[in-house]
Amino acid sequence: MANGSRSGKAGKASKEAKAAAKAARKAASKERRTQLWQAFQLQRKEDKLLLPLMIGALVGITVVLFLIGLPFGIQWFLLPVGILLGVLAAFVIFGRRVQRTVYGKADGQAGAAAWALDNLQGGWRVTNTIAGTTQLDAVHRVIGRPGIILVAEGAPQRVKPLLAQEKKKVARLVGDTPIYDIVVGNDEGQVPLGQLQKYLTKLPRNIDTKRMDSIESRLTALGTRGGPAMPKGPVPGGAKMKGVQRTIRRR
């Protein structure tokens, strides 16, 4: 009898846990849809080409696949496929145009590079502001498969010596691990903010994750003292790019 009672309680607890998990998933899904809708509304107000491009992609791809299917008599089979591909293309266009708007607003502002690095996707290890100045120039450190990347933002005449100093410190601890240094900006020899993530992902893969863990431990032990806190780069109207991009990928 006691065993039956315990079994009943366990079953009830299990049902309650499943119900709670289901409710949590629904709430998370609703939050993602709300965030996506808010980002769409903000972008639509600023970008007059957004809707025509999204609708054009949806209609264009659908019509093309329908016409391809006509000679073979499979147009009605290809129609829903075309609609799905068109919706996907519309979401891709939306995501890219939101990204371009966000980076355009952040470009040139203090902390913009730190914000862009925080939005990196994948196994990057980012440490913001390992060195800085009172004028809000900063050097950030990224550990990834290419090795170590030092990313500087601010006035070139101030950040270049800062970058060289940090590179020398890091080189003492990491041996033959490749070290890349980047200055974010729009002048010659600099990497534009909007191209920063793309630039990092195109670097060659030189080390594995085990080596990354070892390097991260050594550099953490170094205890590099950061400069003044850097403000994050702005996002239009509170639309968070990281969440928007994640939601678009899930769709």
Side-chain angles (χ1 to χ4, degrees), residues 43 46 95-171 174 177-207 212 215-216 219-220 222 224-246:
Q43 182 66 19
E46 296 189 13
R96 288 183 176 174
R97 293 187 78 83
V98 169
Q99 186 179 43
R100 189 178 72 173
T101 298
V102 170
Y103 277 96
K105 286 178 176 289
D107 194 16
Q109 299 198 34
W115 167 78
L117 294 174
D118 280 340
N119 282 282
L120 277 172
Q121 304 294 327
W124 303 90
R125 322 281 176 83
V126 178
T127 305
N128 285 329
T129 321
I130 60 169
T133 69
T134 54
Q135 290 86 6
L136 297 182
D137 309 298
V139 177
H140 315 293
R141 184 177 66 228
V142 181
I143 302 171
R145 294 295 298 276
I148 298 163
I149 306 104
L150 298 175
V151 180
E153 59 176 322
Q157 68 273 17
R158 292 194 297 264
V159 296
K160 284 184 178 179
L162 204 60
L163 195 57
Q165 181 184 345
E166 289 305 315
K167 190 171 182 179
K168 198 176 291 184
K169 280 184 189 177
V170 170
V174 299
T177 302
I179 303 173
Y180 300 88
D181 55 273
I182 299 167
V183 177
V184 175
N186 298 310
D187 296 334
E188 188 178 350
Q190 298 179 343
V191 177
L193 180 67
Q195 298 296 316
L196 179 57
Q197 294 187 5
K198 186 177 179 182
Y199 182 92
L200 295 181
T201 54
K202 284 192 171 183
L203 290 173
R205 296 188 170 192
N206 300 310
I207 62 175
M212 286 170 59
I215 290 169
E216 188 176 25
L219 293 176
T220 300
L222 176 65
T224 308
R225 193 157 57 93
M230 295 291 293
K232 300 291 181 183
V235 243
K240 297 179 182 177
M241 267 305 303
K242 198 170 186 177
V244 170
Q245 288 172 331
R246 189 185 299 117

Trainee: For the CD1 atom of I143 and the CG atom of L150, what is their distance to the nearest 0.5 Å?
Mentor: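 Going from CD1 on I143 over to CG on L150, the span is 9.5 Å.
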Trainee: Please determine, by modelled atom types, if T101 and Q43 share a side-chain donor-acceptor pair under 3.5 angstrom.
Mentor: yes
Trainee: Walk me through it: do T129 and H140 pass the test side-chain contact (heavy atoms from CB on, under 4.5 Å)?
Mentor: CA-CA 5 Å; T129 321; H140 315 293; 3.7 Å; yes
Trainee: At their closest point, which heavy atom of L196 faces which heavy atom of V191, and how far apart are they?
Mentor: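 For L196 versus V191, the nearest heavy atoms are CA-CG1, 3.9 Å.
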Trainee: List the atom of E153, the atom of A110, and the distance in Å for their closest heavy-atom pair.
Mentor: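 Nearest heavy atoms, E153 then A110: OE1-C, 4.4 Å.
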Trainee: Listed by chain and number, what are the side chain to side chain contact (heavy atoms under 4.5 Å, CB included) partners of P204, not counting sequence neighbours?
Mentor: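 Y180, N206.
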Trainee: Over all heavy atoms of both residues, which pair between W124 and G144 is shortest? Give the atoms and the distance, please.
Mentor: CE3-CA, 3.8 Å
Trainee: List in chain and number order the residues that pass side-chain hydrogen bond (donor to acceptor under 3.5 Å, both in side chains) with E216, two or more places apart in sequence or in another chain; answer none if no residue qualifies.
Mentor: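 With sequence neighbours excluded, E216 shows a side-chain hydrogen bond (donor to acceptor under 3.5 Å, both in side chains) to R125, given in chain and number order.
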Trainee: Closest heavy-atom contact between T177 and G147?
Mentor: CG2-CA, 4.0 Å
Trainee: Rounded to the nearest 0.5 Å, how far apart are CG of D118 and CG of N128?
Mentor: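 Those atoms lie 4.5 Å apart.
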Trainee: Has the side chain of Q190 got a donor or acceptor atom that lies under 3.5 Å from a matching backbone atom of N186?
Mentor: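 Yes, Q190 side chain to N186 backbone: donor-acceptor pair under 3.5 Å.
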Trainee: Of the non-hydrogen atoms in V174 and I148, which two are nearest, and what is the gap between them?
Mentor: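 In this case the closest contact between V174 and I148 is CG1-CD1, 3.4 Å.
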Trainee: Keeping to residues at least two apart or across chains, list the salt bridge (charged side-chain N to carboxylate O under 4.0 Å, His left out) pairs with something in residues 177-199.
Mentor: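 Residue pairs with at least one partner in residues 177-199: K167-D181.
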Trainee: Do L200 and I182 have side chains that get closer than 4.5 Å, going by heavy atoms?
Mentor: yes
Trainee: Could I get the full list of side chain to side chain contact (heavy atoms under 4.5 Å, CB included) partners for A152, not counting sequence neighbours?
Mentor: V139, V159, L163, V183
Trainee: Side chains of Q197 and Q121, heavy atoms from C-beta outward: is any pair under 4.5 Å?
Mentor: no
Trainee: Can you name the residues that form a side chain to side chain contact (heavy atoms under 4.5 Å, CB included) with T127, not counting sequence neighbours?
Mentor: I130, R141
Trainee: Under the side-chain hydrogen bond (donor to acceptor under 3.5 Å, both in side chains) rule, collect the residues that match up with R145, sequence neighbours excluded.
Mentor: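 Listed in chain order: nothing, the list is empty.
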Trainee: Does I149 form a side-chain contact (heavy atoms from CB on, under 4.5 Å) with Y199? I'd like the steps, not just the answer.
Mentor: CA-CA 11 Å; I149 306 104; Y199 182 92; 6.0 Å; no
Trainee: R158: what forms a salt bridge (charged side-chain N to carboxylate O under 4.0 Å, His left out) with it, not counting sequence neighbours?
Mentor: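 Applying salt bridge (charged side-chain N to carboxylate O under 4.0 Å, His left out) to R158 gives D137.
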